[in-house]
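What you are looking at is a predicted structure, and each value in this text was computed from that prediction instead of being measured. Heavy atoms only: backbone and side chains are in, while hydrogens, waters and symmetry mates are out. Indexing begins at 1, ligand by ligand and atom by atom, following the structure's order. Position 1 is the first residue of the sequence; numbering continues from there.
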Amino acid sequence: MAPGHWADFQYEIYLNGLTGAVPRLPADLTRLEAMVEQRLGPGPAGYVAGGAGDGSAIRANRAALERHRIVPRMLRDVAERDLTTELLGATLPAPLALAPVGILSILHPEAETAAARAAAARGVPYILSSASSTPLEAVAEAMGGAERWFQLYWGKDREVTRSFLDRARAAGYRVLVVTLDTPLLGWRPRDLDQAYLPFLRGVGTANYFSDPAFRAGLAKPVEEDPDAAVLHFVQLFGDPGKTWPDLAFLREHWEGPIVLKGVLHPDDARRAAEAGMDGVVVSNHGGRQVAGSLGAADALPAVAAAAGDRLTVLFDSGVRTGADVFRALALGARAVLLGRPYAYGLALDGQAGVDHVLRSLLAEFDLTLALSGHATPATVTAEDLAPAPPGTT
Ligand SMILES: Cc1cc2nc3c(=O)[nH]c(=O)nc-3n(C[C@H](O)[C@H](O)[C@H](O)COP(=O)(O)O)c2cc1C
Ligand SMILES: CCCCC(=O)C(=O)O
């Protein structure tokens, strides 16, 4: 990252305005979802925007964040700011990574590769999903010298898991994010009502179909019987039979940091620490798994307290603005993962769209930080928040 502040993006936009150039995407990232609905058909837009059941967990995610109001402090010298953040042995330019979002080819032909390039150009880690539409080796190349994180769907076939870990290691991925909240796909009415499940057409299976261990489990090569290959994928991608002792296998086969994604209860954080894990992502999978579940931000303070200094605590589910990043840090996260907004940026303008989303979010965060009286994320605490008056959220 060049010297300067993320907030400089604001001046860049103003200066472009002198020549009549205005950005192609809005500065208010909450507008992107409606734009994607208009641009893409209801299938892909519904898949990304949709949630479990009645959508209550998506609403809970927003409510849990909005319930906290920022209390700005004055005259604290915020002229020079530094957003760099130490995270799991690396120095990041900001407390942010891009969340694993699978099957991005339903949104844009360049899919994960474009998202990875956009993130790498800003030094932000991109967490590649197991359910990527592009093989992990090709995405690793697109990441160049940036941090490489791989998200594992920890399925039923141990050989496939082992092979994914071997491939990820060989391709230079350093951090392993193991998603625990998706051993089964949640009940998602928008997809069910449209009978829209991209996986059934083979989207998001690139890592599997290119995997020697996966291919060894098929009666016929993928190319000869793609339907059977899809069925095999559907049967093995999740494993609802797993329990905490099973983590020993992953710990044994992955030398770098392991982060468990989808932790919402403090006891699960304690178990993660006992199992030798390095971090957790407090997340309800963007409200896509358990309708009626608590807003992820509501779980954050207790998980952070249970984690203490034994685990690095990350957060996602509902982050849409710079204020949300601030709130998550104040509630105990060290960094946040951005999910749907960058997928929308990709859908609307490819790599440039992801770049716009990243820079807008971080510019807004930088300004929020400064205008609230902080020169660095490290000084943000729960003291910077006040509860919203009852009935106002
Ligand atoms: C379309 C879509 C696909 C996703 N795919 C994955 C995935 O492959 N692996 C995973 O761990 N999480 C996946 N997630 C969850 C995200 O990593 C993240 O937890 C979620 O998007 C956060 O909620 P938010 O986007 O509303 O902020 C997906 C989310 C969406 C919207
Ligand atoms: C096979 C997993 C589906 C990707 C995912 O995590 C999601 O759609 O939420």
Ligand 2 atoms in contact with [X] (distance to a heavy atom under 4.0 Å):
X      : value
Phe237 : 1 (C), 2 (C)
Tyr47  : 3 (C), 4 (C), 7 (C), 8 (O)
Arg188 : 7 (C), 8 (O), 9 (O)
Arg288 : 7 (C), 8 (O), 9 (O)
Tyr153 : 2 (C), 4 (C), 5 (C), 6 (O)

Qualifying side-chain hydrogen bond (donor to acceptor under 3.5 Å, both in side chains) pairs, either residue in residues 170-183, two or more places apart
Glu147-Arg174, Gln151-Thr179, Asp181-His285, Thr182-His285

Using distance only, find each side-chain donor-acceptor pair of residues 35-42 under 3.5 Å and give its atom names and separation, not counting sequence neighbours.
residue	atom	partner	partner atom	Å
Glu37	OE1	Arg190	NH2	3.3
Glu37	OE2	Arg190	NH2	2.9
Arg39	NH1	Leu348	O	3.4

Determine, for [X] against [Y], whether the closest basic-nitrogen to carboxylate-oxygen distance falls under 4.0 angstrom.
X      : Y      : answer
Arg169 : Glu255 : yes
Arg31  : Asp28  : no
Glu223 : Arg215 : yes
Arg117 : Asp355 : no

Arg158 atom CZ, over 12 foreign heavy atoms within 6.0 Å
no

Between Gln151 and ligand 2, find which residue part has any heavy-atom pair under 4.0 Å and reply side chain, backbone, both or neither.
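None of Gln151 does.
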
With heavy atoms under 4.0 Å as the rule, classify the contact between Gln289 and ligand 2 as side chain, backbone, both or neither.
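Neither part.
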
Please determine if Arg288 forms a cation-pi arrangement with Tyr47, meaning its NZ or CZ atom is less than 6.0 Å from the six-membered ring centre and no more than 45° off the ring axis.
yes

Between Asn207 and Ser130, is any side-chain donor less than 3.5 angstrom from a side-chain acceptor?
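Result is no, nothing qualifies.
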
Enumerate, atom names and distances included, each donor-acceptor pair closer than 3.5 Å involving a side-chain atom of residues 257-271, sequence neighbours excluded.
residue	atom	partner	partner atom	Å
His265	ND1	Asp267	N	2.9
Asp267	OD1	Arg270	NH1	2.3

Looking at atom 3 (C) of ligand 2, what's its closest protein heavy atom, distance included?
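For atom 3 (C) of ligand 2, the nearest protein heavy atom is Phe199 CZ, 3.3 Å.
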
Hey, which residues fall under 4.0 Å of ligand 1 on heavy atoms?
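Lining ligand 1: Tyr47, Val48, Ala99, Pro100, Val101, Gly102, Ser129, Gln151, Tyr153, Thr179, Lys261, Ser283, His285, Gly286, Arg288, Asp316, Ser317, Gly318, Val319, Arg320, Gly339, Arg340.
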
